[in-house]
Amino acid sequence: MRFLLAMIVIAALGWSGYWFLGQSGLSRGFETWFDLRRAEGWVAETSDITVQGFPNRFDTGFSDLVLADPETGLAWEADFFQILALSYQPNHVIAVWPNSQLISTPQEKFRIESRDMRASLRIAPDTRLAPERATLTAEYLQITPLERQDENTALTSLTLAAARQMETEYRLGLTAEGLTLSPPWRAQLDPQGRLPTQISGLHADLTVSFDKLWDRSAIEQARPQPTAINLRLADAKWGQLHLQAAGDVTVTPEGLPEGEITLKARNWREMLQIAAQTGVIPESMLGTLDSGLSLMAQMSGNPNTLDVPLTFHNGRILLGPIPIGPAPVLRLR
């Protein structure tokens, strides 16, 4: 009995020592990270770092957090941010955001409001801290430009998922429900008000290869850049409009896509009109595109549904055989 009691006491003392060593190591590690960012010219401030949760958790909290990268012009401000982990599984963490936060870009500052935004993140158990799997969810997400308070964009729910397939290949997923566009975008896309208030659903499933691993250096140094994209399916529905896309592209070192995406569009004429109104295609080409695509739709047997390749080649985009403009540059800042 005494032996058993002694073993219990020794185990408890050992576990307590492990937890307090872990707490101290986490605190020092985060403080060092902030110091290093400031040495590189960042704004990296927090009024308090706490590590709680004895004996089975390492729950790290940051108060009055401000991070700003001068190289990209991106900044983030939050009243608090939490990283939660089990003490016996420290490489699986839960990140918790506040209900209100600020994101700044070189062009504008946005307030992000949400209900229960959090992410589950499983990290490789080494010093590179490379994510193996991640899922972010948010309810009632609202994005508002600070200088245009009446132009908010809202989502009923958002789910983002990522899983590393190979060393630098990631499978990504997106599900967005109940997208309500800001009034200016709504007026531009649907000036007659014929479509529902909300875009009912956006879904995407794709695999992206990068030129290097996503790990801590992606924040501290430079972002990995895409080299290939396999779009299994993207699906969007807005009232009677239904658009699907699938295909493969490679990405040149300059960030230009090369390849083909097949589009399937129901009620495609309305989509073509929207593309012209938003500047995706020049309005001067609207008549030419309508005539050419009408012929392609009739050949498929249904004049309201269109199957057409979207081709990226030599820095240009072709819709079917018709050039419609320059290709986007796919570079992560």
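Please read all numbers here as calculations on a predicted model, not as lab measurements.
Here the side chains of S209 and Y170 are not in contact, with every heavy-atom distance at 4.5 Å or above. Side-chain contact between I219 and W33 is present, with heavy atoms from C-beta onward closer than 4.5 Å. In this structure the side chain of D35 reaches within 4.5 angstrom of the side chain of R38, judged on heavy atoms. The shortest side-chain heavy-atom distance between L332 and Q225 falls under the 4.5 Å cut-off. Proximity of F80 to W97: side-chain heavy atoms (C-beta onward) are nowhere separated by under 4.5 Å. Proximity of E260 to T262: side-chain heavy atoms (C-beta onward) are separated by under 4.5 Å at one or more points. Looking at L195 and E270, their side chains never come closer than 4.5 Å, going by heavy atoms from C-beta outward. Taking the side chain as every heavy atom from C-beta outward, F62 and D48 never approach each other to under 4.5 Å.
Put simply, the residue from T137, L141, T175 that forms a side chain to side chain contact (heavy atoms under 4.5 Å, CB included) with L158 is L141. Screening R171, Q165, R232 against T207 for a side chain to side chain donor-acceptor pair (under 3.5 Å) leaves a single residue, R232.
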Stepwise side chain to side chain contact (heavy atoms under 4.5 Å, CB included) test for S114 and Q142: CA-CA 6 Å; S114 62; Q142 183 169 283; over 6 Å; no

- Task: Starting from the C-alpha separation in whole Å, work towards a yes-or-no answer on side chain to side chain contact (heavy atoms under 4.5 Å, CB included) for T153 and T180.
- Result: CA-CA 6 Å; T153 299; T180 302; over 6 Å; no

Open item on the list: Pair Q240, N267 - check side chain to side chain donor-acceptor pair (under 3.5 Å), show working.
Closed with: CA-CA 7 Å; Q240 297 302 309; N267 295 321; 4.7 Å; no

Could you please spell out the steps behind the side chain to side chain contact (heavy atoms under 4.5 Å, CB included) verdict for T60 and V93?
CA-CA 10 Å; T60 307; V93 303; over 6 Å; no

- May I have the step-by-step check of side chain to side chain contact (heavy atoms under 4.5 Å, CB included) for W238 and L189, ending in yes or no? CA-CA 11 Å; W238 189 10; L189 295 176; 4.0 Å; yes

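Considering all non-hydrogen atoms of both residues, I317 and P326 come closest at CD1-O, 3.4 Å. Nearest heavy-atom pair, D116 versus N99, reported as atom, atom and distance to 0.1 Å: N-OD1, 3.9 Å. Between V96 and L84, the closest heavy-atom pair is CG2-CD1, 4.0 Å. For the pair K212 and P224, the tightest heavy-atom approach, listed with the atom from each and the gap, is O-CB, 3.5 Å. Heavy atoms only, all atoms of each residue included: A134 and L121 are closest at CB-CD1, 3.6 Å. Taking each heavy atom of A245 and I261 in turn, the nearest pair found is CB-CG2, 3.8 Å.
Ionic pairing of E147 and K109 is not present here: no N-O contact between side-chain nitrogen and carboxylate oxygen is shorter than 4.0 angstrom. The residues R223 and D211 are annotated as not salt-bridged, no charged nitrogen and carboxylate oxygen being separated by less than 4.0 angstrom. R28 and E31 are not joined by a salt bridge, as no carboxylate oxygen comes within less than 4.0 angstrom of a charged side-chain nitrogen.
Residues Q244 and D235 have side chains that bring a donor and an acceptor to within less than 3.5 angstrom of each other. Side-chain atoms of E254 and T252 include a donor-acceptor pair closer than 3.5 Å. For the residue pair S120 / H92, a side-chain donor-acceptor distance below 3.5 Å is found, with atom types taken as modelled.
Residue K237 places its NZ atom among 12 or fewer non-hydrogen atoms of other residues, nucleotides or ligands, all under 6.0 Å distant. By the 6.0 Å contact criterion, CD on E132 is enclosed, its count of non-hydrogen atoms from other residues, nucleotides or ligands being greater than 12. More than 12 heavy atoms of other residues, nucleotides or ligands lie within 6.0 Å of CZ in R269, so this atom counts as buried by the packing criterion. Within 6.0 Å of CD in Q149 there are more than 12 heavy atoms belonging to other residues, nucleotides or ligands. Remark: Y140 OH is loosely packed, at most 12 non-hydrogen atoms of other residues, nucleotides or ligands lying under 6.0 Å away.
Checking side-chain atoms of N91 against main-chain N and O of A124 turns up no donor-acceptor pair under 3.5 Å. With hydrogens and angles disregarded, a donor-acceptor distance shorter than 3.5 Å links the side chain of D190 to the backbone of R194. T305 contributes no side-chain N or O that, together with a main-chain N or O of R266, makes up a donor-acceptor pair within less than 3.5 Å.
Judged as a side-chain hydrogen bond (donor to acceptor under 3.5 Å, both in side chains), the pairs with a partner in residues 311-333 (not counting sequence neighbours) are, in order, E258-H313.
In this structure, L136 CG and L174 CG are separated by 11.0 Å, a value rounded to the nearest 0.5 Å. Rounding to the nearest 0.5 angstrom, the gap separating the CD atom in E77 from the CG atom in D64 is 10.5 Å. Atom CD of residue E220 and atom CD of residue E40 lie 7.0 Å apart, to the nearest 0.5 angstrom. For the atom pair CZ (R186) and CG (L181), the distance works out to 7.5 Å, reported to the nearest 0.5 Å. Note that CG of L102 is 11.5 Å distant from CG of L65, once rounded to the nearest 0.5 Å. In this structure, CG in L129 is found 10.5 Å from CG in L213, a value given to the nearest 0.5 Å.
When the side chains of ILVMFWY residues are joined at heavy-atom separations under 4.5 Å, either directly or via intervening members, W185 and L241 end up in a single hydrophobic cluster. Linking ILVMFWY side-chain heavy atoms closer than 4.5 Å, directly or via other members, places W42 and F34 in a single hydrophobic cluster. Two different hydrophobic clusters hold L256 and F210 under the rule that ILVMFWY side chains link at heavy-atom gaps under 4.5 Å. The hydrophobic clustering, which links ILVMFWY residues whose side-chain heavy atoms are closer than 4.5 Å, places V66 and I49 apart. Follow the hydrophobic side-chain contacts under 4.5 Å out from I322 and you never reach L318; the two are in separate clusters.
With sequence neighbours left out, the side chain to side chain donor-acceptor pair (under 3.5 Å) criterion links Q188 to no other residue.
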